[in-house]
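Positions are given from 1 along the sequence.
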Amino acid sequence: INHKENILNYIKSQQTWSFIFIDPYGPKSIPMSMVCDYVNANKVDCMINFPILDVHKKAGNIDSAKIIVRNSGQEQTLLNIDNTYGTSEWRKVKGPLSLRDLDNKTKLIDEFLGEFYYHSLAKNCANVSIKRIPINFPDKNRIMFDLLLTTKDPNAALGLNNIRRKADIS
């Protein structure tokens with residue numbers, strides 16, 4: 001986070017495309033605005049790792065009216081998730097978020113968390129093609145994380161479609 005300007009200046013000084021790996025969720029989180037600074041930079045493609053299972057697990061219990069906060073540490077975690085999404089609107093997910101409930105509702109919540117990040121990214125980052133690839137682990141039978149690939153090059157966007165089809169990872 002502290003080196004954003006140095007990284008962006010370095011990218012601007014290059015004569016070729018840059019590829020940046022972004023892992024926006026962590027102890028402090030990388031704000032959506034900063035992710036978009038990288039994604040919107042000229043001649044930059046990005047791969048964003050969005051850890052759906054980790055967000056799901058750390059969010060605690062959510063119902064349609066409010067999040068049940070157990071302690072101040074959890075409130076800070078929720079604020080970090082808000083920062084990652086760029087909004088607190090993700091908290092309005094319907095139904096309880098609980099790792100003990102691995103039925104279809106949990107899978108729908110996982111999908112919602114990934115889709116919401118994708119749409120937040122698309123809303124906040126201009127003129128960018130974004131490919132969302134949910135990564136399922138067969139032994140878990142659920143989405144563990146999303147890879148989001150971004151580019152401003154239309155040929156690269158078509159190439160990403162081909163790679164995704166051939167990889168058979170969805």
Side-chain angles (χ1 to χ4, degrees), residues 1-59 76-93 97 107-138 140 142-170:
I1 292 177
N2 298 332
H3 300 287
K4 179 185 95 167
E5 292 306 319
N6 291 339
I7 293 169
L8 290 172
N9 287 334
Y10 177 79
I11 290 167
K12 288 177 189 173
S13 73
Q14 299 304 299
Q15 300 298 317
T16 187
W17 283 76
S18 298
F19 182 79
I20 299 177
F21 177 78
I22 303 171
D23 192 358
Y25 179 71
K28 294 185 179 180
S29 77
I30 298 175
M32 175 63 72
S33 60
M34 184 181 292
V35 170
C36 287
D37 286 341
Y38 292 122
V39 169
N40 289 331
N42 287 327
K43 298 193 320 185
V44 171
D45 290 339
C46 297
M47 182 168 70
I48 302 166
N49 173 51
F50 188 72
I52 291 171
L53 182 63
D54 196 45
V55 170
H56 190 146
K57 180 173 64 175
K58 290 182 178 168
Q76 184 57 53
T77 298
L78 295 171
L79 291 172
N80 288 344
I81 297 171
D82 293 350
N83 200 25
T84 300
Y85 277 112
T87 180
S88 62
E89 290 296 305
W90 70 274
R91 295 185 188 207
K92 294 182 179 177
V93 63
L97 264 177
K107 290 177 187 174
L108 291 173
I109 292 169
D110 289 348
E111 181 65 27
F112 170 85
L113 292 171
E115 277 291 314
F116 197 92
Y117 189 80
Y118 167 84
H119 288 293
S120 293
L121 192 64
K123 177 182 170 186
N124 290 288
C125 299
N127 303 316
V128 173
S129 293
I130 304 168
K131 302 297 177 191
R132 175 179 175 244
I133 305 171
I135 305 297
N136 295 294
F137 282 42
K140 301 289 186 198
R142 64 187 297 188
I143 301 170
M144 301 293 285
F145 60 94
D146 274 357
L147 290 179
L148 296 108
L149 307 170
T150 71
T151 186
K152 286 181 244 23
D153 179 349
N155 292 322
L158 292 172
L160 292 174
N161 286 339
N162 291 333
I163 290 169
R164 183 174 178 190
R165 270 192 297 277
K166 290 177 184 176
D168 190 28
I169 55 178
S170 56

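Using a 4.5 Å heavy-atom threshold, the side chains of Tyr85 and Leu113 count as touching. Residues Lys12 and Lys43 fail the side-chain proximity criterion, which asks for heavy atoms closer than 4.5 Å. With a 4.5 Å cut-off on side-chain heavy atoms, Arg142 and Asn136 do not count as touching. Taking 4.5 Å as the limit, some side-chain heavy atom of Asp23 sits within range of a side-chain heavy atom of Phe21. The closest side-chain heavy-atom distance from Leu53 to Met144 is below 4.5 Å. Side-chain contact between Ile143 and Glu111: present, with at least one pair of heavy atoms (C-beta onward) separated by less than 4.5 Å.
Between Val44 and the choices Val128, Asp37, Ile20, the side-chain contact (heavy atoms from CB on, under 4.5 Å) rule is met once, by Ile20. For the side-chain contact (heavy atoms from CB on, under 4.5 Å) with Leu148, the lone residue among Ile130, Val35, Val39 that qualifies is Ile130.
Judged purely by atom type and a 3.5 angstrom limit, Asn83 has no side-chain atom pairing as donor or acceptor with the backbone of Leu79. When atom types are taken as modelled, the side chain of Thr150 and the backbone of Cys46 share a donor-acceptor pair closer than 3.5 angstrom.
Judged by distance alone, the side chains of Asp82 and Trp90 do bring a donor and an acceptor atom under 3.5 Å apart. For the residue pair Gln76 and Asn80, a side-chain donor N or O sits within less than 3.5 Å of a side-chain acceptor on the partner.
Expressed to the nearest 0.5 Å, how far CZ of Arg132 lies from CG of Leu147 amounts to 10.5 Å. In this structure, Ile48 CD1 and Ile30 CD1 are separated by 9.5 Å, a value rounded to the nearest 0.5 Å. One finds the CD1 atom of Ile7 at 10.5 Å from the OG atom of Ser18 (value rounded to the nearest 0.5 Å). Taken from CG in Asn42 to CG in Leu8, the straight-line distance is 10.5 Å, to the nearest 0.5 Å. Separating the CG atom in Leu121 from the CE atom in Met32 is a distance of 5.0 Å, to the nearest 0.5 Å. For the atom pair OH (Tyr117) and CG (Asp146), the distance works out to 10.0 Å, reported to the nearest 0.5 Å.
Take Ser33 and apply the side-chain contact (heavy atoms from CB on, under 4.5 Å) test, not counting sequence neighbours, and it matches Pro31.
Aromatic ring centroids of Phe50 and Phe145 lie 6.0 Å or more apart.
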Taking it one step at a time, do Trp17 and Asp153 satisfy side chain to side chain contact (heavy atoms under 4.5 Å, CB included)? CA-CA 10 Å; Trp17 283 76; Asp153 179 349; 4.0 Å; yes
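Sorted by first and then second residue, the salt bridge (charged side-chain N to carboxylate O under 4.0 Å, His left out) pairs with a member in residues 118-128 form an empty list; sequence neighbours excluded.
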